[in-house]
Each structure stands twice: as C-alpha cells, then as structure tokens.
Asker: 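Have a look at the structure that comes next, please.
All chains are named by letter (A, B, ...) in the order of the sequence lines, taking the proteins before the strands, and each is independently numbered beginning at 1. From a predicted model like this one, the values you see are computed outputs, not experimental measurements.
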Amino acid sequence: MPELPEVETIARQLAPELTNAVLSRVLVSRDDIIHGDPRPLPGLLRGRRVDRVHRRAKRIVMDLSGGAQLVFHLGMTGTLTMTRVRAAVDNHTHLRIRIRGTDRELRFRDPRRFGGVWCLTDQPKYVGQKLGPLGPEPLELRIKQFKAILRRSRPIKPLLLDQTVVAGLGNIYSDESLHAAGVHPLTRADSLDGDAASRLLRCIKSTLRRAIRFSGTTMMDYRTPSGAKGSFRRFLRVYGREGEPCRRCRASIERIVVAGRSSFFCPQCQRRTRERGKVRRCEREKMRT
DNA sequence: CGCATTTCCTGGAGGC
DNA sequence: TGCCTCCAGGAAATGC
C-alpha cells in the first residue's frame with residue numbers, strides 16, 4: 001500500500017531514468033484507469049520530454065514539456081516499473097509508455113484498480129479533470145500549522161488519514177507515528193496539548209524519513225520501479241502485529257477498527273488519558289530500531 | 001459544512 | 001487439493 005515513503009522511493013528511482021527522456025508509443029490496455037477521455041492520451045503524450053519526476057502526497061507527478069503533467073496514483077496495489085520493451089507483460093498491466101531511442105518502457109500495473117492516471121494539459125478537455133484537494137506535506141509541516149490542524153474534535157487517527165488535512169500518510173505510518181508519540185488512535189485531536197502535538201509531529205517526520213531510507217514497506221504488493229521490495233517492514237512496531245509483543249514494553253499489540261480502518265496500537269504505550277511522565281517520553285523518542 | 005459509512009476491486013489467507 | 005468466504009484499504013460517493 002504505497003504511502004508517502006513508498007511513493008517518494010518510486011519517484012526518486014524513476015527520476016534518473018526518465019528525466020530528459022522523450023515519450024513515444026503509448027499503449028492503454030484498460031482505459032477506465034485513465035481519468036477523463038482516454039482516447040487522446042497517446043497523441044497527447046507522444047513526443048513530450050520528461051522535465052522532472054517528483055512526488056506530491058501519494059502521487060507521482062511527471063512534468064512534461066509543453067506544460068503538461070502526467071500524474072499517477074497507485075491506490076492499493078499499483079506499481080510503476082521500468083522494463084525492457086520485450087519483457088513479459090504481467091496481467092493487470094494497464095498502461096505502457098515507451099521511451100524514444102531505447103528499448104525501455106514505463107509500465108503501470110494495478111490489479112485492484114484503486115489507482116489511476118491523470119493527464120493534465122492545456123487542452124480544454126483535460127482542464128476540468130481536477131484531482132482531489134490536498135492538505136500540506138507532512139515533512140514540510142510546521143508546528144504552528146499542525147496545531148491549527150489539530151483544533152478539531154475528530155479522533156486523531158482518521159484525521160491523519162484525511163488527505164485534505166495532511167497529505168501523504170496512510171494506515172501504516174499513521175499507526176507507527178502514533179505509537180512512536182505514545183498517542184492512542186482514538187484520542188480527540190483537540191485534546192492533545194502542545195507537548196503532545198509537537199511530539200507527534202516530530203514522530204511523524206522521523207517515521208517517514210526512516211521509512212524512506214529503507215525504500216518503504218512491502219506488506220504484499222508494493223515494489224520499487226526495479227521490482228525490489230521495500231525493507232522497512234521489519235522495523236514496524238505496531239502495524240500488522242496484533243497479538244505480538246510491543247517492542248518497547250512487551251505488552252500485546254491490539255487491533256481496533258477506527259473509521260472503518262484497522263488500527264494497531266500498544267495499550268500500554270498509547271493510553272487515552274494523558275498522565276505519562278516526561279522520563280518515559282524521552283525514552284520513547286530515543287528508541288531506535 | 002463536518003463527519004461517518006458505503007462502495008469500488010482482486011488475490012491471498014484460512015476454514016473445512 | 002478444491003471450494004468457499006472473508007478481508008485488506010485510498011478515496012470518491014453517499015448519508016445524516
């Protein structure tokens with residue numbers, strides 16, 4: 001499930017091969033993953049040069065010559081890979097884009113089809129195809145901004161998952177950040193004091209940065225553009241560890257459903273009341289995998 | 001508007 | 001081994 005660290009990894013690995021590449025033949029084999037009218041897509045892309053590959057929230061953005069942008073959202077099971085043109089094509093490969101003058105191509109594959117592709121150009125047909133509104137990048141978030149975000153009565157977990165509030169966190173890194181900060185997922189956002197707010201923001205950033213360093217987390221489907229798995233899974237402290245001992249206090253990790261999503265937490269480290277001592281907070285922040 | 005719930009989709013896991 | 005049901009979840013759509 002590609003979240004910010006996974007998408008960042010993909011963008012960084014695609015950038016060296018795609019930057020300055022010119023797109024040639026485009027093959028759409030399943031057009032309902034294209035937002036808007038898929039028919040003009042090949043003509044719109046062919047001949048454009050890739051100026052830059054970057055990430056915004058959980059989206060891969062390719063800036064193309066002529067002011068166009070090609071945007072990918074990977075949903076749950078989406079992958080973007082660079083392969084030889086003649087390599088065997090996996091099923092559920094929906095889009096292939098050849099690179100001019102090479103035997104390489106970009107492939108978008110997404111068995112579950114929660115992902116999607118947007119082509120944003122100056123062409124009238126595409127102007128209206130807006131992507132959903134996004135909140136700020138968590139890694140660029142400042143504490144003042146974050147405290148303003150927390151001034152709501154919602155539980156903290158669904159708030160962190162809401163892309164219009166903060167853009168890039170998903171289920172894994174929300175749970176991991178909340179555990180690192182010692183915050184229970186059902187805690188009302190506006191009940192966090194200033195201390196807890198800055199601790200949580202620091203933990204969100206350090207968790208994301210560390211996950212990027214290990215190329216993200218592969219539970220099932222996520223792969224880097226070269227097909228490799230992310231290796232952050234072995235550092236997870238709560239996500240997917242129901243019934244296993246907390247790596248900090250040995251208490252059994254629990255799973256509850258919050259806003260329709262699994263939420264893993266340690267009942268010992270993440271209490272709903274706020275009477276934890278400063279000493280334990282320090283220990284918690286120093287804990288490294 | 002704010003927030004909760006439902007829906008989309010496929011393959012893997014687990015029960016029997 | 002095979003058949004069945006359940007489940008994962010990002011985000012848009014729908015409900016209240």
Asker: Check this for me, if you would: do A:D190 and A:R154 make a salt bridge, where the nitrogen-to-carboxylate-oxygen distance has to be below 4.0 angstrom?
Answerer: no
Asker: Measure from CD on A:E242 to C1' on B:dG14 and round the result to the nearest Å.
Answerer: 15 Å
Asker: Are A:F265 and A:H184 close enough that their ring centres sit under 6.0 Å apart?
Answerer: yes
Asker: Taking atom NZ of A:K229 as the centre, report whether more than 12 heavy atoms of other residues, nucleotides or ligands fall under 6.0 Å from it.
Answerer: no
Asker: Taking for each residue the nucleotide of DNA chain B with the nearest heavy atom, is it A:S153 or A:M220 whose nucleotide lies nearer the 5' end?
Answerer: A:S153
Asker: Taking the six-membered ring for Trp, are A:H35 and A:W118 parallel (under 30°), tilted (30 to 60°) or perpendicular (over 60°)?
Answerer: parallel
Asker: If I take atom NE2 in residue A:H35 and atom P in nucleotide B:dC8, what distance separates them, rounded to the nearest angstrom?
Answerer: 16 Å
Asker: Where do A:E137 and A:A57 come nearest, in terms of heavy atoms and distance?
Answerer: OE2-N, 2.6 Å
Asker: Can you tell me the distance, in whole Å, between the CG atom of A:D90 and the C1' atom of B:dG11?
Answerer: 14 Å
Asker: Using whole Å, report how far CG of A:D162 lies from P of B:dG2.
Answerer: 10 Å
Asker: Measure from CZ on A:R152 to P on B:dC3 and round the result to the nearest Å.
Answerer: 7 Å
Asker: Round to the nearest Å and state the distance from A:D221 atom CG to B:dG11 atom C1'.
Answerer: 8 Å
Asker: If you measure from the Lys or Arg side-chain nitrogens to the Asp or Glu carboxylate oxygens, is any gap between A:R84 and A:E105 under 4.0 Å?
Answerer: no
Asker: Taking 4.0 Å as the cut-off, does a side-chain nitrogen or oxygen of A:H92 come that near to OP1 or OP2 on B:dC9?
Answerer: no
Asker: Can you give one letter per nucleotide of nucleotides 7-14 of chain C, going 5' to 3': B for a protein heavy atom under 4.0 Å from the base, S for sugar-phosphate only, - for none?
Answerer: -BBBB---
